[in-house]
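Chain naming here is simple, since letters A, B, ... match the order of the sequence lines and numbering starts at 1 in each. Keep in mind that the numbers below use all heavy atoms, side chains included, and drop hydrogens, waters and symmetry copies.
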There are 2 protein chains.
Amino acid sequence: MHPIGEVARRSGVTIETIRYYEREGVVPLPDRSASGRRLYDSAGIARLRFVKRCRDLGFPIEDIRALLALSKGDSKACSDVKLIGERHLRDVRDKIADLTRLEAALADLVAECDEQRPHCPVLRQLFAD
Amino acid sequence: MHPIGEVARRSGVTIETIRYYEREGVVPLPDRSASGRRLYDSAGIARLRFVKRCRDLGFPIEDIRALLALSKGDSKACSDVKLIGERHLRDVRDKIADLTRLEAALADLVAECDEQRPHCPVLRQLFAD
DNA sequence: CCTTGCTTCTGTAGTCGCTACAGGATGCAT
DNA sequence: ATGCATCCTGTAGCGACTACAGAAGCAAGG
């Protein structure tokens, strides 16, 4: 059984975030020592690693909750995981598309400022009706 | 002079967000009617439109504050606007790059789930050491 | 004038996912 | 015992909103 500091180092999740995940019910309450310190077994560490990887992939907490539930062994797991993954992939692709459009608009706008001018074309455009 | 509801419709910024911007000092305090209702002139409406456009382009509030200050007429305005714009453009490009990497990792992962399996390869990978 | 329905006000709290204290207790090595 | 590191709970804050609750104001219609 391992204290939270060691678990933080081994999982890559900060102590404060581990406590946050516990409060939010993302991970179960760990065992405690006689003095009240959190003690995690290897399954607890693996679970936090899982959560970290999912967060790194941009899955929201709610999806991670669902994935963890699915990981508890059920014959439909893989197709459900695929549903969650594909929806998230779509979200990511949408976001990339949005940002790409935004980038183009911004690049055009910024290109109009190329010297010191009393009447900035960018500001004029942003103020236009 | 126009009440907040009309200004919200004409600027595209919600009533609540207008009040938020006022609280945050993004836009100046408007005049008030005898009964305390906010009244905006055309400059106030233009300013909110400006803020909306900047938000749509992803500029953070702090940058918008700076841009509004610059719009008050100063001979260095355009080069300062360019600095703010280019920095933001870099941020957007960084974010696109991050998301593109994430999308690739996610697409690979999701591709591994293609039928009902008791032992999902995705979950296994996310749990791997 | 009264009623009705809509608009507007202030203050407070919440969203998401953390992150950072403050103040106190515990654990371990010297 | 001392000193330092670790850990605890509770609270507040970040950015940019968003959504009430409860009350007051406004304008049109009867």
Rounded distance (Å) that lies between atom [atom2] of [N] and atom [atom1] of [X]:
| X | N | atom1 | atom2 | value |
| --- | --- | --- | --- | --- |
| Ile4(B) | dC26(D) | CD1 | C1' | 16 Å |
| Arg23(B) | dG15(D) | CZ | P | 14 Å |
| Glu16(A) | dA12(D) | CD | P | 16 Å |
| Tyr20(A) | dA12(D) | OH | P | 18 Å |
| Glu24(A) | dC16(C) | CD | C1' | 9 Å |
| Ile15(B) | dA21(D) | CD1 | C1' | 16 Å |
| Leu39(A) | dC8(D) | CG | C1' | 13 Å |
| Ile18(A) | dC7(D) | CD1 | P | 9 Å |

Of all heavy-atom pairs linking Gly58(B) and Leu102(A), the shortest is N-CD1, 4.1 Å
Name the nucleic acid region contacted by Tyr21(B), choosing base, sugar-phosphate or nothing; use a 4.0 angstrom heavy-atom cut-off, strictly under.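 Sugar-phosphate, no base atom in range.
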Taking His2(B) for the side chain and Ile45(B) for the main chain, is one N or O donor matched with an acceptor at less than 3.5 Å?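 Side chain of His2(B) to backbone of Ile45(B), a donor-acceptor pair under 3.5 Å: no, none is there.
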Without swapping roles, check the side chain of Arg53(B) against the backbone of Leu126(A) for a donor-acceptor pair under 3.5 Å. yes
Quick one: is [X] getting a side-chain N or O under 4.0 Å of the [N] phosphate, OP1 or OP2?
| X | N | value |
| --- | --- | --- |
| Arg32(B) | dG25(D) | no |
| Arg55(A) | dC18(C) | yes |
| Arg38(B) | dT10(C) | yes |

Judged by nearest nucleotide, the residue sitting upstream toward the 5' end of DNA chain C, Arg19(A) or Ser33(A), is Arg19(A)
Closest nucleotide of DNA chain D for Pro60(B) versus for Gly5(A): which of these residues is on the 5' side? Gly5(A)
Minimum-distance nucleotide to [X] side chain [options: [options]]:
| X | options | result |
| --- | --- | --- |
| Ile61(B) | dT18(D), dA16(D), dG17(C) | dA16(D) |
| Thr17(B) | dC26(D), dC17(D), dT9(D) | dC17(D) |
| Ser35(B) | dT19(C), dA16(D), dG25(D) | dG25(D) |

Once hydrogens and angles are ignored, does a donor-acceptor distance under 3.5 Å link the base of dT6(D) to the side chain of Arg37(A)? yes
State whether Arg65(A) and Glu62(A) are salt-bridged, where the test is any N-O pair (Lys NZ or Arg NE/NH1/NH2 against Asp/Glu carboxylate O) under 4.0 Å. yes
Any side-chain heavy-atom pair from Ile61(A) and Arg55(A) closer than 4.5 angstrom? yes
